[in-house]
Amino acid sequence: MRRRHFLATLAACALPWRRLHGATPSPRIRPFALSRVRLRPGPMLDAAEVNRRFVLGQDVDRLLHNFRRNAGLPSSAAPLGGWEAPDNELRGHYVGHYLSACALIWASSGDAQARLRGDKVVAALAECQRARGSGYLSAFPEELFDRLRDSRPAWAPFYTLHKIMAGLLDMHALAGNAQALDVVKGMARWTARWTQSLGDADMARVLEREYGGMNEVLYNLAAVTGEAEWREVAHRFDHERIFRPLADGRDELKGLHVNTQIPKIIGAARRYELTGEPRYRRIAEYFWHEVTGRRSYATGGTSNGEAWNAEPGVLSTELSGYTQECCVTYNLLKLTRQLFTWTADPACADYYERALWNGILGTQHPGDGSKLYYVSLASGYWKLFGAPLEDYWCCTGSGSESFAKLGDSIYFSDDDGLYVNLFIASELTWTERGVTVIQDTRFPAEPRTSLTIKSPRPIGFALRVRVPAWTARGGSARLNGKPLDGFAAPGGYLVLDRIWRDGDRLDVALPMAVSASPTPDDPSVQAMLYGPLVLAVRMGSAGLGPGILRAEPTRPRTIPEYKAEGLPMLALAGRAPWLVADGNKPLTFHTAAGDRREFVPLYQILDERYGVYVKVPT
Ligand SMILES: [Zn+2]
């Protein structure tokens, strides 16, 4: 979310066209419905459970308070704080995320409570919509949209509307709530009328204000209903000023607010999926390659102060307490998933894994489920979690969704078989083939995974297991205990196309090693990785009292706003290899030379200072 004081400016820089895949109009690869995948015990299931408690711990009547008041209906609930406070212009946004989170939790775990909560909110929102009678549904008055139309200050009305529409559509698509579809169609009709009153020039001006993924949700509505009219409304939110250079292969992203753009690009990707127009695929692919390849940190995250401030490839000077907004990672994962279904490119899966483990997993406090806004990448900072149930940042919302869909993108299928992209303990019900796949793994604590096929009858399909680009020497596989000849090269798939019988088991060893990821513009500034895991050096907790580890409602929400100091970047001495594994503790490393500074995965860092980038001698 654009915090108000970040202003976007535009500066152009021409770059050569980058690698693109040949266009094919329909997706080759299909994701599995979330309801077909159940997580099994491990760090991902632990995190999903923390979030489930966080989401179910919300008070529905408090969430609905501003909607009811805005519709002239009674509400005696205590208003919430933060970005859901009655005077906040973003109020209502979290309720949209909440609906998505309830739908996702229901789909991924079968928790009936989550669906009931979602149903209750949908019914209440329908009542609010009926009370106003125009289709308009929001926790703030339409007057904010008048201001938007008239170029007067209004934070981001369509951004908020997008969250509510997306939440309703998720309740329909994932939780079978028919009323949610009626409500979202009412909102879409209101949106159609509002946009019809504006000419293209006025609409272009409106699109300069952050509007989330209004194009995406309207394309999704067109897909769900089969009603082409919603495509026309969606087109009004396709932002040509941003799309044009991307379609032409030019990176003009410098100066832009990051999370304002990515949802639009997801919308462009949806347009391609619905219409087959290759231009929109070019936009999405060029953007993805540019951002993940040249504008992302070793963690897979991007943005500094919520913006791209520099030319592509300049990262060493972009390390601050405001780096890597969590919503950005959430959105990049969505886009990556789309690209994978078009291409089956293992680089998409490599990126997804890296951003998931380093940019999502450690961004929730395991104690109470509160979420991070930024993953600070300046040295010596810490994770400043929100105040539980009181901040309602944009990232509180996207985080509530991220941790509700950790079973997503582990598996994909096509006509030939199955893709196993992520090493996460889970069970897949592959209904179309009558097959169950059980993935047993203690990854990343152990660098291997096992896949067991359950099938009442022998069945032929290709089982493709991703062999990540980070795989060190010695990767191997065993089928039913017998070593297989050969192995796939890192950055590809191990493919076994055969007749599978009930109980067949494939064991895959994926050795991990420490590697360094230098910033492209300064090779002496490096992040250390173990396999896909970014490692962080532990820097103690000096100066971190209780009032500074948590953002409090009455206090600022970012570390720099606390005027708190970081620590100098750790300088490593000697030469590579820089780190050696601790023989006693898993996933723990020490500097090879000097005073044995301890490194652990970034996702495990909690309530202490840390450093991701270190200085190495050149
Ligand atoms: Zn955010």
Side-chain angles (χ1 to χ4, degrees), residues 1-2 63 66-67 83-84 88-101 103-104 121-122 125 129 135-140 142 144-145 148-149 154-174 180-181 183-195 203 206-224 230-239 242 257-271 325 327-328 330-332 334-335 338 392-402:
M1 185 61 217
R2 180 201 295 272
L63 288 172
N66 291 322
F67 283 90
W83 293 11
E84 284 296 324
N88 191 291
E89 290 188 356
L90 231 59
R91 62 191 182 273
H93 79 103
Y94 184 78
V95 179
H97 289 294
Y98 180 82
L99 285 177
S100 292
L104 291 164
V121 172
V122 170
L125 292 181
Q129 191 183 43
Y136 182 74
L137 172 64
S138 174
F140 50 71
E142 276 189 66
L144 258 76
F145 285 93
L148 178 67
R149 187 191 52 226
W155 191 347
F158 273 119
Y159 173 94
T160 311
L161 223 57
H162 162 241
K163 305 301 171 238
I164 300 162
M165 292 177 77
L168 288 163
L169 211 49
D170 283 341
M171 276 302 296
H172 170 69
L174 299 171
L181 186 62
V183 178
V184 74
K185 282 169 80 169
M187 294 177 76
R189 281 192 287 273
W190 179 89
T191 303
R193 283 197 303 277
W194 195 91
T195 55
M203 196 61 201
V206 162
L207 297 187
E208 293 301 316
R209 196 78 50 85
E210 184 171 6
Y211 62 83
M214 280 301 293
N215 54 348
E216 184 212 0
V217 74
L218 288 160
Y219 286 125
N220 284 340
L221 183 62
V224 164
W230 306 124
R231 285 188 195 178
E232 300 307 315
V233 191
H235 292 342
R236 300 302 304 278
F237 290 93
D238 284 336
H239 197 175
I242 300 298
H257 180 264
V258 175
N259 200 48
T260 294
Q261 315 311 327
I262 306 174
K264 299 171 189 174
I265 308 300
I266 295 170
R270 281 303 279 147
R271 178 166 178 166
E325 181 186 350
C327 288
V328 166
Y330 159 90
N331 278 312
L332 278 174
K334 279 180 73 169
L335 183 61
Q338 286 174 294
Y392 295 107
W393 303 326
C394 49
C395 301
T396 313
S398 58
S400 297
E401 293 186 39
S402 289

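These numbers come from a predicted model, not from an experiment.
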remark   = Rounding to 0.5 Å, atoms CZ (R189) and CH2 (W230) come to a distance of 5.5 Å
request  = Tell me, with the steps shown, if E84 and V95 meet side-chain contact (heavy atoms from CB on, under 4.5 Å).
outcome  = CA-CA 9 Å; E84 284 296 324; V95 179; 4.2 Å; yes
message = Is the shortest side-chain heavy-atom distance between R271 and R231 below 4.5 Å?
response = no
request  = Could you check if a side-chain atom of L148 sits within less than 4.5 angstrom of a side-chain atom of R209, using non-hydrogen atoms only?
outcome  = yes
All N/O donor-acceptor pairs, side-chain side in residues 159-169, below 3.5 Å, sequence neighbours left out:
residue: T160; atom: OG1; partner: A156; partner atom: O; Å: 3.3
residue: H162; atom: ND1; partner: G213; partner atom: N; Å: 3.1

ask   = Roughly how far apart are T195 OG1 and L207 CG, rounded to 0.5 Å?
value = 10.0 Å
query = Is there a side-chain contact between N220 and R270 (heavy atoms, below 4.5 Å)?
reply = yes
query = Do the two ring centres, one from F140 and one from W155, sit under 6.0 Å apart?
reply = no
request  = Decide side-chain contact (heavy atoms from CB on, under 4.5 Å) for L221 and V233; before the verdict, give the C-alpha distance in whole Å, the side-chain angles of both, and the deciding distance to 0.1 Å.
outcome  = CA-CA 10 Å; L221 183 62; V233 191; over 6 Å; no
message = Has R236 got a side-chain atom pairing as donor or acceptor with M203's backbone, closer than 3.5 angstrom?
response = no
key: Heavy-atom pair of closest approach, residues M171 and A180   = CB-CB, 4.0 Å
query = L99 versus L125: any side-chain heavy-atom pair under 4.5 Å?
reply = yes
message = Which label fits Y136 and F145: parallel for a plane angle under 30°, tilted from 30 to 60°, or perpendicular past 60°?
response = perpendicular
key: Whether F158 and W194 hold their rings parallel, tilted or perpendicular, with breakpoints at 30° and 60°   = perpendicular
remark   = Looking only at heavy atoms, the pair that brings Y330 and S402 closest together is CD1-OG, 3.3 Å
key: Y219 side chain reached by D238 side chain, heavy atoms, under 4.5 Å   = yes
request  = Please round to the nearest 0.5 Å and tell me the distance separating atom OH of Y211 and atom NZ of K264.
outcome  = 4.5 Å
ask   = Would a distance-only check, ignoring hydrogens and angles, find a side-chain to backbone donor-acceptor pair under 3.5 Å from E216 to I266?
value = no
ask   = Nearest 0.5 Å, what's the CG-CD distance between D170 and E401?
value = 6.5 Å
ask   = Which residues pass the ring-ring contact (aromatic ring centres under 6.0 Å, His included) test with Y392, sequence neighbours left out?
value = Y94
ask   = Atom CH2 in W393, atom NE2 in H97: separation rounded to 0.5 Å?
value = 14.0 Å
query = Is it true that a side-chain atom of R91 and a backbone atom of A139 form a donor plus acceptor pair closer than 3.5 Å?
reply = yes
request  = Kindly compute the distance separating CD1 (I262) from NE2 (H257), expressed to the nearest 0.5 Å.
outcome  = 10.0 Å
